[in-house]
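Read through the structure below, which is laid out as structure tokens, and then see the notes.
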Amino acid sequence: MQLASAEVPPYGRVWSPDGNARHVRKLAVEVEEYFDLGLELRSGDVVFDVGANIGLFALAAARRIPKLRFFAFEPIPALYRALEKNLDEAHLLNGSGSKLFQLGVSRNESDRDAEFFYFRNFPSDSTRYIDDKRREFQKFFQSKADGWRRAKPTLMPGAVADVLADVFARLPEGPVGRWVSDRVTGLEKHRCRMTTLSRVITDEKLDRIDAIKVDVEGAEMDVLAGIAPEHWLRVRQVVIEGHDDNGNLARVRTLLSEAGFDKVVVTRPAGSEEIGLNNFLLFAKR
């Protein structure tokens, strides 16, 4: 897939797999929320960006603070190419000590590779956990269908609109529904290599990590559990966009408390409730 660019203020030209400015603006809003929660960076800080996507978090951080050292992880090939191009054009790679890893992040070093699912039409939703993501898409489709039903399109009878809304709302249900949903979302499967954050901390001989940003579409605990207790002592801040399914938020909070973080702030991402998603934003600091 060829990359395409769009002008997205205040970043200027931003590259992505589809060149869709709307998707890039959505990511830009999300990364601003991390800083609104209280994330603070200083010149020379070491920053891990797990689930880097096309690099908007790194671009936003670099606009605020010069001379940050990024370790960015993105397993999906198309997103990784855009990440590399965006950070290269922003001069965040040469001479900074920053590194990009075309890798997923796991809890176990024995996980050498894993299957990932990338959605061409929803490029910020790539995940290891397809069943959970399909349930999210169903909630998304349902919210859109409810809005359509309330609007009662003037170009068709209300009964027809209701029928189409019901079909749209049930897209991911059943084998046929999943087949249709996978095509609507542009599903691709990729076998990606894996690592743990502790392996990178050890290999790179890092004595501190000033911030870890995690946006991995349901795999938050996989990332956090892959940090050894002795390495947690080197981490100053954590910011996570996650999914509160089956008690996930409580598990994340417990792990961070046990790792010694005494300040934890949790909120909801802008717009998540409107589209039926049970997402959270979490910021933790020592």
Side-chain angles (χ1 to χ4, degrees), residues 27-53 55-74 92 96-99 101 105-107 195-202 204-245 247-270 272 278-286:
L27 286 173
V29 170
E30 290 179 2
V31 301
E32 289 300 322
E33 291 181 301
Y34 300 143
F35 296 96
D36 292 342
L37 281 175
L39 180 65
E40 296 179 345
L41 299 174
R42 304 163 298 201
S43 183
D45 275 357
V46 175
V47 181
F48 276 25
D49 185 356
V50 186
N53 203 271
L56 261 291
F57 173 73
L59 295 180
R63 287 186 65 250
R64 289 171 165 81
I65 304 295
K67 299 181 181 178
L68 296 172
R69 187 182 181 192
F70 293 101
F71 291 81
F73 302 81
E74 176 52 57
L92 299 184
S96 67
S98 296
K99 289 189 176 182
F101 299 84
V105 177
S106 177
R107 65 175 62 216
T195 190
T196 66
L197 292 190
S198 270
R199 170 47 53 198
V200 175
I201 292 168
T202 298
E204 299 295 330
K205 299 179 173 60
L206 299 173
D207 59 6
R208 76 177 201 277
I209 301 94
D210 298 285
I212 299 176
K213 167 259 179 182
V214 181
D215 184 358
V216 288
E217 300 300 318
E220 300 83 31
M221 282 299 297
D222 290 344
V223 172
L224 301 180
I227 303 175
E230 64 271 21
H231 289 156
W232 270 118
L233 298 175
R234 307 178 193 183
V235 180
R236 183 166 61 91
Q237 300 174 102
V238 179
V239 62
I240 302 170
E241 195 277 331
H243 300 251
D244 191 14
D245 298 321
N248 193 40
L249 174 57
R251 286 192 292 273
V252 169
R253 296 191 71 150
T254 297
L255 186 152
L256 292 173
S257 176
E258 292 173 349
F261 289 88
D262 49 13
K263 176 184 177 181
V264 178
V265 178
V266 179
T267 186
R268 296 290 297 275
S272 61
N278 193 22
N279 289 16
F280 65 85
L281 280 170
L282 181 149
F283 171 65
K285 182 179 181 181
R286 295 191 186 279

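Please read all numbers here as calculations on a predicted model, not as lab measurements. Below, each value reflects all heavy atoms present in this structure, side chains not excepted, and no hydrogens, waters or symmetry copies.
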Heavy-atom closest pair (Thr196 atom, Ser106 atom, distance to 0.1 Å) is CG2-O, 3.4 Å
Please find the pair of heavy atoms, one from Phe71 and one from Val200, that lie closest to each other, and give the distance.
CD2-CG1, 4.5 Å
Test item: Gln237 and Glu40 side chains (from C-beta on) under 4.5 Å apart, heavy atoms:
yes
So which heavy atom on Leu41 is nearest to which on Ala61, and how close?
CD1-CB, 3.9 Å
So which heavy atom on Leu249 is nearest to which on Asp244, and how close?
N-OD1, 3.1 Å
So how far is it from His231 NE2 to Thr202 OG1, rounded to the nearest 0.5 Å?
3.5 Å
Name every donor-acceptor pair, under 3.5 Å, that has one atom in a side chain of residues 213-221 and the other anywhere in the protein, sequence neighbours excluded.
{"unit_1": "Lys213", "atom_1": "NZ", "unit_2": "Asp49", "atom_2": "OD1", "d": "2.8"}
{"unit_1": "Lys213", "atom_1": "NZ", "unit_2": "Gly51", "atom_2": "O", "d": "2.9"}
{"unit_1": "Glu217", "atom_1": "OE1", "unit_2": "Lys133", "atom_2": "NZ", "d": "2.6"}
{"unit_1": "Glu217", "atom_1": "OE1", "unit_2": "His243", "atom_2": "NE2", "d": "3.2"}
{"unit_1": "Glu220", "atom_1": "OE1", "unit_2": "Asn248", "atom_2": "ND2", "d": "2.7"}
{"unit_1": "Glu220", "atom_1": "OE2", "unit_2": "Gly218", "atom_2": "N", "d": "2.9"}

Between Trp232 and Leu256, is any pair of side-chain heavy atoms under 4.5 Å apart?
yes
Could you tell me how the ring of Phe35 sits relative to the ring of Phe57: parallel (under 30°), tilted (30 to 60°) or perpendicular (over 60°)?
parallel
Could you state the interatomic distance from CG (Leu282) to OH (Tyr34), rounded to the nearest 0.5 Å?
11.5 Å
Do Leu68 and Leu92 have side-chain heavy atoms sitting under 4.5 Å apart?
no
OG1 of Thr254 to CZ of Arg251: how many Å apart, nearest 0.5 Å?
9.5 Å
Derivation of the side chain to side chain contact (heavy atoms under 4.5 Å, CB included) call for Ile212 and Ile227
CA-CA 11 Å; Ile212 299 176; Ile227 303 175; 3.8 Å; yes
Verdict with reasoning, Phe73 to Val223, per side chain to side chain contact (heavy atoms under 4.5 Å, CB included):
CA-CA 11 Å; Phe73 302 81; Val223 172; over 6 Å; no
Going by side chain to side chain donor-acceptor pair (under 3.5 Å), Asp45 matches just one of Arg69, Lys67, Arg236. Which one?
Arg236
Quick one, Glu30 and Leu27 - any side-chain contact, counting heavy atoms below 4.5 Å?
yes
What's the separation between atom CG in Asn279 and atom CG in Asp245, rounded to the nearest 0.5 Å?
8.0 Å
Would you indicate whether the side-chain heavy atoms of Ile209 and Leu197 approach each other to under 4.5 Å?
no
Quick one: do Val235 and Phe48 satisfy side chain to side chain contact (heavy atoms under 4.5 Å, CB included)? Show the steps, please.
CA-CA 10 Å; Val235 180; Phe48 276 25; over 6 Å; no
Sub-3.5 Å donor-acceptor pair from the side chain of Asp210 to the main-chain atoms of Val46, do we have one?
yes
Nearest atoms (heavy-atom pairs only) where Ala72 meets Ala52
CB-CB, 3.9 Å
Derivation of the side chain to side chain contact (heavy atoms under 4.5 Å, CB included) call for Phe261 and Arg253:
CA-CA 9 Å; Phe261 289 88; Arg253 296 191 71 150; over 6 Å; no
Between atom CZ of Arg268 and atom CG of Leu281, what is the distance when rounded to the nearest 0.5 Å?
9.5 Å
Could you tell me whether the side chain of Glu33 reaches within less than 4.5 Å of the side chain of Glu241, counting heavy atoms only?
no
State whether Arg64 and Glu32 are salt-bridged, where the test is any N-O pair (Lys NZ or Arg NE/NH1/NH2 against Asp/Glu carboxylate O) under 4.0 Å.
yes
